[in-house]
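Naming convention: chains lettered A, B, ... in sequence-line order (proteins, then strands); numbering from 1 in each chain. All figures in this text were calculated on a predicted structure; none of them were measured in a lab.
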Amino acid sequence: MALLERKDMGDMSSNNNSSTGTEVPQNMTIYINNLNEKIKIDKLKESLHAVFSQFGKILEILAFKTLKHKGQAWVVFEDVQSASNAMRQMQSFPFYDKPMRIQYAKTKSDIVAKADGTFVPREKRRRHEEKGKKKKDQHDANQVGAGLTPAYGGAYGTTPPLSQIPYPGGVKSMVPEAPAPPNNILFIQNLPNETTPMMLQMLFQQYPGFKEVRMVEAKPGIAFVEYGDEMQSTVAMHGLQGFKILQQNSMLITYAKK
DNA sequence: AGCACA
């Protein structure tokens with residue numbers, strides 16, 4: 001029953017932490033900016049959910065339209081592992097025509113604090129604030145992944161297909177489609193243009209049940225990879241999700257539509 | 001650019 005246990009891909013780019021000196025400790029919440037500000041908040045959250053739910057249970061998505069918080073969102077996962085995978089695999093992913101910038105959130109989300117019992121309402125919190133003092137306490141366990149109440153029954157229960165959502169800019173968006181049901185054929189997106197079928201075969205044939213790779217000349221950047229059955233394709237999908245053939249492009253793997 | 005808790 002333990003089909004796929006390995007969620008990590010520690011090989012190619014294990015430590016992606018030292019880019020611009022912006023090192024933030026791990027957190028089950030990811031902070032996203034450089035989001036397209038023309039997208040309305042509800043639609044934005046919906047699309048974010050469609051794109052990020054593949055990495056694990058999402059407890060909450062927060063986004064605001066105020067000047068200080070436009071173009072940003074917080075996605076709260078149930079555990080740090082999901083957040084890490086989401087960050088690594090969706091880093092720079094084109095979302096509504098803009099590459100997402102993803103980091104760990106700086107502080108623990110309220111919904112998480114509530115679940116682990118460390119939540120302190122904001123008013124009471126202010127009383128304890130001191131300036132100019134540097135104490136080393138309070139930086140406690142930020143990842144208590146267990147026993148959370150999935151308080152995420154929100155508006156995202158049934159996610160509609162999200163490909164090519166029109167938005168006020170009038171242009172076609174670049175949101176990946178909502179997950180298709182399991183299929184022995186995988187749909188690969190966001191490949192570099194110079195990707196060849198042979199390159200993909202090298203990658204995918206290492207997983208059992210591999211049958212063939214198909215690419216469409218007229219449509220660069222995508223491919224189909226077929227396996228014997230959907231359990232085999234699922235293993236391959238998890239093994240190669242987010243793989244970067246080039247530094248820039250994280251491949252996005254979903255099931256092909258039937 | 002911008003780290004919140006609608």
Side-chain angles (χ1 to χ4, degrees), chain A residues 16-53 55-80 82-88 90-131 134-145 147-157 159 167-169:
Chain A
N16 234 353
N17 245 357
S18 55
S19 46
T20 45
T22 342
E23 296 202 7
V24 181
Q26 292 196 318
N27 196 307
M28 31 206 289
T29 302
I30 54 174
Y31 168 76
I32 310 169
N33 65 2
N34 199 42
L35 292 168
N36 192 325
E37 300 180 8
K38 285 179 278 194
I39 312 303
K40 291 226 217 0
I41 295 295
D42 286 337
K43 186 67 73 179
L44 180 73
K45 289 186 177 181
E46 220 175 83
S47 302
L48 285 170
H49 188 268
V51 161
F52 280 105
S53 58
F55 301 104
K57 170 156 289 184
I58 293 173
L59 302 181
E60 192 177 25
I61 296 179
L62 295 161
F64 313 91
K65 54 165 173 257
T66 54
L67 352 319
K68 195 178 176 202
H69 302 297
K70 280 197 289 191
Q72 302 155 76
W74 289 258
V75 178
V76 188
F77 285 97
E78 190 177 37
D79 52 67
V80 226
S82 305
S84 299
N85 287 339
M87 181 170 70
R88 294 239 297 280
M90 298 304 281
Q91 191 62 263
S92 302
F93 194 90
F95 187 74
Y96 289 109
D97 300 327
K98 300 189 67 181
M100 289 193 269
R101 304 300 181 208
I102 314 177
Q103 306 163 50
Y104 290 113
K106 285 183 181 162
T107 60
K108 188 192 291 186
S109 295
D110 282 0
I111 189 175
V112 175
K114 280 171 183 163
D116 69 20
T118 62
F119 178 71
V120 180
R122 246 152 262 292
E123 299 85 51
K124 301 196 176 182
R125 206 175 292 185
R126 291 214 159 267
R127 307 169 57 192
H128 293 290
E129 281 182 8
E130 294 185 23
K131 284 184 179 177
K134 291 176 182 175
K135 282 191 173 182
K136 289 182 83 177
D137 49 27
Q138 299 277 359
H139 297 289
D140 52 325
N142 214 5
Q143 51 252 46
V144 185
L148 285 186
T149 330
Y152 190 69
Y156 315 106
T159 312
Y167 63 91

Original post:
Going by the angle between their ring planes, with limits at 30° and 60°, are A:Trp74 and A:Tyr31 parallel, tilted or perpendicular?
Top reply: tilted
Original post:
Considering only side-chain heavy atoms of A:Thr29, which listed nucleotide, B:dA6, B:dA4, B:dC3, is closest?
Top reply: B:dA4
Subject >> Residues A:Tyr104 and A:Gln26: side-chain donor-acceptor under 3.5 angstrom >> reply: yes
Original post:
So does A:Lys108 pair up with A:Asp116, basic N to acidic O under 4.0 Å?
Top reply: yes
Subject >> Heavy-atom donor-acceptor pair, A:Gln91 side chain to A:Ile102 backbone, under 3.5 Å >> reply: yes
**OP:** Specify the residue among A:Lys70 and A:Lys65 whose closest nucleotide of DNA chain B lies further upstream toward the 5′ end.
**Re:** A:Lys70
Subject >> Between C1' of B:dA4 and CG of A:Leu59, the distance in whole Å >> reply: 15 Å
**OP:** Could you tell me the separation between the CD1 atom of A:Ile30 and the P atom of B:dA4, rounded to a whole number of Å?
**Re:** 17 Å
Original post:
Rounded to the nearest Å, what distance is computed from the CD1 atom of residue A:Ile102 to the C1' atom of nucleotide B:dC3?
Top reply: 15 Å
Subject >> Integer-rounded Å distance: B:dC3 P and A:Lys68 NZ >> reply: 6 Å
**OP:** Measure from NZ on A:Lys108 to P on B:dC5 and round the result to the nearest Å.
**Re:** 17 Å
Subject >> Donor-acceptor pair present, A:Gln103 side chain and B:dC3 base, under 3.5 Å >> reply: yes
Subject >> Length of the line joining A:Lys114:NZ and B:dC5:P, which is rounded to integer Å >> reply: 11 Å
**OP:** For A:Thr66 and for A:Gln72, locate the closest nucleotide of DNA chain B by heavy-atom distance; then report the residue assigned to the nucleotide nearer the 5' terminus.
**Re:** A:Gln72
**OP:** Send over the distance from A:Tyr31 OH to B:dG2 C1', rounded to a whole Å.
**Re:** 5 Å
Original post:
Nearest-Å distance, CD1 (A:Ile111) to P (B:dA6)?
Top reply: 10 Å
Original post:
Does the side-chain ring of A:Trp74 sit on the six-membered ring of the B:dA4 base, less than 5.5 Å centre to centre and under 30° in tilt?
Top reply: yes
